[in-house]
**Student:** 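Got a structure for you, questions after.
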Amino acid sequence: QVQLVESGGGLVQAGGSLRLSCAASGRTFGTYAMGWFRQAPGKEREFVASLHWRAGSTLYADSVKGRFTISRDNAENTMYLQMNSLKPEDTAVYYCAASKVPGPMSIRSGYGYWGQGTQVTVSS
């Protein structure tokens, strides 16, 4: 089992920045892909960004490319999402996810472990 705990969400004005963290614990050995998804009210959960835990290769949704950066600290078993130039349409609950399948990958069903989510609200 892998446990994931997100932190760093909050309220920010449009154009501002936030950094989300995802701390992984438990049987993390062998975790290949980790990712961030988000879900706005009334919408499906959508892919934001992903990385291969060992290789560090990354993948981004077009809507966040150039504004968001995904990274990880292997020693601390922690993944980050640096979000810059935030827009009101970025408002959502952001979820951290982990997979035993080699990544990075954008397919939600490929992730078997999920955090509880952290709220990000961007005001206009």
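In what follows, every heavy atom counts, from backbone to side chain, and hydrogens, waters and symmetry copies are set aside.
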**Student:** Apply side-chain contact (heavy atoms from CB on, under 4.5 Å) to residues Leu81 and Met83 and explain how you reach the verdict.
**Tutor:** CA-CA 6 Å; Leu81 185 68; Met83 305 186 294; 3.8 Å; yes

**Student:** When clusters are formed by joining ILVMFWY residues with side-chain heavy atoms under 4.5 Å apart, either directly or through shared neighbours, do Tyr60 and Val48 land in the same one?
**Tutor:** yes

**Student:** Does Gln116, at its CD atom, have more than 12 non-hydrogen atoms belonging to other residues, nucleotides or ligands within less than 6.0 Å?
**Tutor:**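 More than 12 within 6.0 Å, yes.
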
**Student:** For Leu11 and Gln119, run side-chain contact (heavy atoms from CB on, under 4.5 Å): C-alpha distance rounded to whole Å, both residues' side-chain angles, the deciding distance at 0.1 Å, then the answer.
**Tutor:** CA-CA 8 Å; Leu11 173 64; Gln119 177 70 48; over 6 Å; no

**Student:** One thing to verify: whether Lys65 and Asp62 come together as a salt bridge, which I'm taking to mean a side-chain N less than 4.0 angstrom from a carboxylate O.
**Tutor:** yes

**Student:** Determine the minimum heavy-atom distance between Asn74 and Trp53, stating which atoms define it.
**Tutor:** ND2-O, 3.4 Å

**Student:** So, Asn84 and Ser17: side-chain donor and acceptor under 3.5 Å apart, yes or no?
**Tutor:** yes

**Student:** Check the surroundings of atom OH in Tyr32: do more than 12 heavy atoms from other residues, nucleotides or ligands lie under 6.0 Å from it?
**Tutor:** no

**Student:** Grab the two heavy atoms, one from Pro88 and one from Ser124, that are nearest each other, plus how far apart they are.
**Tutor:** CG-CB, 3.8 Å

**Student:** Say whether Ile70 and Val2 are linked into one hydrophobic cluster, either directly or through other cluster members, by side-chain heavy-atom distances under 4.5 angstrom.
**Tutor:**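 Linked within one cluster.
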
**Student:** Check Thr91 against Ala40 and note the closest heavy-atom contact, atom names and distance.
**Tutor:**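 Taking Thr91 first and Ala40 second, the nearest heavy atoms are O-CB, 3.7 Å.
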
**Student:** Should Leu20 and Thr118 be marked as a side-chain contact (heavy atoms from CB on, under 4.5 Å) after you check the CA-CA gap, both sets of side-chain angles, and the distance that decides it?
**Tutor:** CA-CA 8 Å; Leu20 305 183; Thr118 185; 4.0 Å; yes

**Student:** Please name the pair of heavy atoms, one in Glu6 and one in Gly117, separated by the smallest distance, quoted to 0.1 Å.
**Tutor:** OE1-N, 2.9 Å

**Student:** Any idea how Tyr95 and Trp114 line up, ring-wise: parallel (<30°), tilted (30 to 60°), or perpendicular (>60°)?
**Tutor:**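 Taking Trp114 first and then Tyr95, their aromatic rings stand perpendicular (interplane angle over 60°).
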
**Student:** If two hydrophobic side chains count as joined below 4.5 Å and joins carry through other members, does Met105 share a cluster with Tyr113?
**Tutor:**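 No, because Met105 and Tyr113 fall into different hydrophobic clusters, even though each may have its own neighbours under 4.5 Å.
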
**Student:** For the residue pair Arg45 and Phe37, would you count it as a cation-pi contact if the rule is NZ or CZ under 6.0 angstrom from the ring centre and within 45 degrees of the ring axis?
**Tutor:** no

**Student:** Testing the basics here: between Ala23 and Thr78, what is the closest heavy-atom pair and its distance to 0.1 Å?
**Tutor:**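 Closest heavy-atom pair between Ala23 and Thr78: CA-OG1, 4.2 Å.
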
**Student:** Which pair of heavy atoms, one from Met34 and one from Cys96, lies closest together, and at what distance?
**Tutor:**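 Closest approach of Met34 to Cys96, heavy atoms only: CE-SG, 3.9 Å.
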
**Student:** So, Tyr94 and Arg38: side-chain donor and acceptor under 3.5 Å apart, yes or no?
**Tutor:** yes

